[in-house]
Amino acid sequence: MSNVYFIYGDDEYAIQKQINTIVAKIDASYDEIKLDMDDNNIGDLIEELRTIPFLSEKKVIYVTNISSIDDKSDYYDDFLNAINTFNDTNIAIFLADAKLKSDSTIFKDLKKYAVCYSFTNNGTSLEELLQEILKDNDFQMAKDAKDELISRVDNAKELISELDKLLMYKYEEKQINKNDVTLLVSKNLDLNVFDLVTAVVEKNKKKAIEIYNDLQVANVSATYLLGLLLSKFQEIFDVKVLIQGGYSQDLIASIFKVKSGRAYYMMKNANMLNMNLVKQKLEELTKLEYDIKSGRQEQSLGLELFILK
């Protein structure tokens, strides 16, 4: 059916561009309906597929987490009938990431009954994706701004979302600088924790308490923060050991099961800090965790004393 689409893969940007292309062809007002099949049942989906728009001329139905569509359901045949007798006023877009198995029933049926698009990033890095989006939108971005943005996101989806905000904010100028990134893009929790680790190791008490207070405002509990600090100090220590052992970026990425770009920043972070001080603080944190669990120390106070030591 020409108005039923199946888009799958792991290239978030290419997928979004294809969605935009499909929607741009609608020459009328339309409603948007979003169905997450982890939260909705097959009956909800069938109803939306069969129901004509209420206030607009057309309706676009986005269906995600489609692996949860139960092909064993008594209503599965009704679902197939619904997409085969689809109302021309409706458009259905079924979305799946690369985890959806190609031998699953829903995959095979959508390949049979829908217009299909497959997009794979083939290992595209965040830096390459960023450059592609900037080029597509005729934007310029300073190198320090690119580095700052990349450091504040964890994956392609986050990069696309944050860059959308920046493109809208600087629509007239077509030029993004580091101050724009700092203003609009929040640091992720991992980066905040590394900043706290750095401040603690460097004995910058003023900076450490500022970051600690920011994390409290963000509702990060003392228990959770203690775990994050332990994890981050352990990660830095382990990476430093691997670097000293001559391990490459790709090998470190393989050991930690992360992408090469993430391993680059892990190595960069580890190289910034003194090995002996990292080891000392890791030992202090381990002892603090033991004291808290054994009731010798109240966790919030113990964490504050550690930060201010």
Side-chain angles (χ1 to χ4, degrees), residues 38 99 126 147-148 150-155 157-158 162 182 185-309:
D38 281 349
K99 295 176 183 177
L126 293 182
D147 292 341
E148 187 66 24
I150 293 296
S151 74
R152 294 183 179 222
V153 298
D154 288 329
N155 52 55
K157 189 171 184 178
E158 285 184 13
E162 297 298 345
T182 304
V185 182
S186 299
K187 286 188 176 182
N188 60 43
L189 185 57
D190 185 72
L191 189 56
N192 276 323
V193 172
F194 176 72
D195 286 344
L196 180 57
V197 166
T198 304
V200 168
V201 170
E202 295 177 349
K203 298 186 182 299
N204 187 340
K205 296 179 181 180
K206 182 175 182 295
K207 182 67 173 177
I209 203 65
E210 285 177 358
I211 299 169
Y212 177 64
N213 289 336
D214 287 343
L215 290 167
Q216 285 188 310
V217 171
N219 293 320
V220 179
S221 70
T223 303
Y224 187 51
L225 181 55
L226 176 61
L228 287 174
L229 284 170
L230 269 168
S231 176
K232 181 56 65 177
F233 270 107
Q234 187 66 60
E235 175 190 289
I236 293 168
F237 180 79
D238 291 343
V239 172
K240 289 187 80 69
V241 170
L242 292 172
I243 292 172
Q244 291 176 354
Y247 282 69
S248 68
Q249 180 176 319
D250 287 340
L251 277 174
I252 289 175
S254 175
I255 290 169
F256 283 90
K257 294 182 173 56
V258 297
K259 291 188 175 181
S260 182
R262 168 73 174 131
Y264 166 80
Y265 286 104
M266 290 167 66
M267 295 174 70
K268 180 181 177 181
N269 292 344
N271 283 324
M272 289 172 59
L273 301 176
N274 179 276
M275 177 67 150
N276 291 331
L277 289 175
V278 170
K279 183 179 180 182
Q280 175 190 326
K281 291 300 178 182
L282 180 57
E283 290 171 351
E284 290 176 9
L285 266 178
T286 303
K287 182 178 184 304
L288 174 59
E289 182 186 40
Y290 175 79
D291 288 344
I292 289 172
K293 288 183 176 179
S294 62
R296 297 177 183 178
Q297 180 63 272
E298 194 276 326
Q299 61 181 11
S300 294
L301 177 60
L303 194 53
E304 290 177 17
L305 290 173
F306 167 80
I307 289 170
L308 294 172
K309 188 173 181 180

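What's counted below: heavy atoms across the whole structure, side chains too, no hydrogens, waters or symmetry copies.
Taken from CG in L226 to CG in L288, the straight-line distance is 5.5 Å, to the nearest 0.5 Å. Between the CD1 atom in I255 and the CG atom in D250 there is a gap of 11.0 Å [rounded to 0.5 Å]. Here OH of Y212 is found 10.0 Å from CG of L229. Values are rounded to the nearest 0.5 Å. For the atom pair K279 NZ and F233 CZ, the distance stands at 14.5 Å (nearest 0.5 Å). With rounding to the nearest 0.5 Å, the separation of CG in L285 from CG in L230 is 4.5 Å. How far NZ of K240 is from CE of M272: 10.0 Å, rounded to the nearest 0.5 Å.
In terms of the side chain to side chain donor-acceptor pair (under 3.5 Å) criterion, residue partners of K206 (sequence neighbours excluded) are, by chain and number, E210. For Q280, the side chain to side chain donor-acceptor pair (under 3.5 Å) test picks out E284, with sequence neighbours left out.
Checking side-chain atoms of K207 against main-chain N and O of A199 turns up no donor-acceptor pair under 3.5 Å. Remark: side-chain polar atoms of K309 are not paired, donor with acceptor, to backbone N or O of V200 under 3.5 angstrom. At least one donor-acceptor pair under 3.5 Å links the side chain of E298 to the backbone N or O of S300. Checked by atom type and distance alone, the side chain of S231 never pairs as donor or acceptor with a backbone atom of G227 at under 3.5 Å. The backbone N or O of F194 sits nowhere less than 3.5 Å from a side-chain atom of K232 that would complete a donor-acceptor pair.
Within 6.0 Å of atom OH in Y247, 12 or fewer heavy atoms from other residues, nucleotides or ligands are found, so the atom counts as exposed in its surroundings. At most 12 non-hydrogen atoms from other residues, nucleotides or ligands lie less than 6.0 angstrom from OH of Y264.
Checked against M266 for a side chain to side chain contact (heavy atoms under 4.5 Å, CB included), the options V239, D238, L242 give a single hit: V239.
Between I243 and I252 there is a side-chain heavy-atom pair separated by less than 4.5 Å. Residues V193 and I211 fail the side-chain proximity criterion, which asks for heavy atoms closer than 4.5 Å.
Taking the charged nitrogens against the carboxylate oxygens, K293 and E289 do have a contact shorter than 4.0 Å, which makes a salt bridge.
The closest side-chain donor-acceptor pair between Q299 and T223 falls under 3.5 angstrom.
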Residue pair V278, V197: steps toward the side-chain contact (heavy atoms from CB on, under 4.5 Å) verdict: CA-CA 9 Å; V278 170; V197 166; 5.9 Å; no
side-chain contact (heavy atoms from CB on, under 4.5 Å) between L225 and L196, intermediate numbers included: CA-CA 10 Å; L225 181 55; L196 180 57; 4.3 Å; yes
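A cation-pi contact links K281 to F306, judged by a cut-off of 6.0 Å to the six-membered ring centre and 45° from its axis.
Listed here is the closest heavy atom pair of T286 and L282: OG1-O, 2.8 Å.
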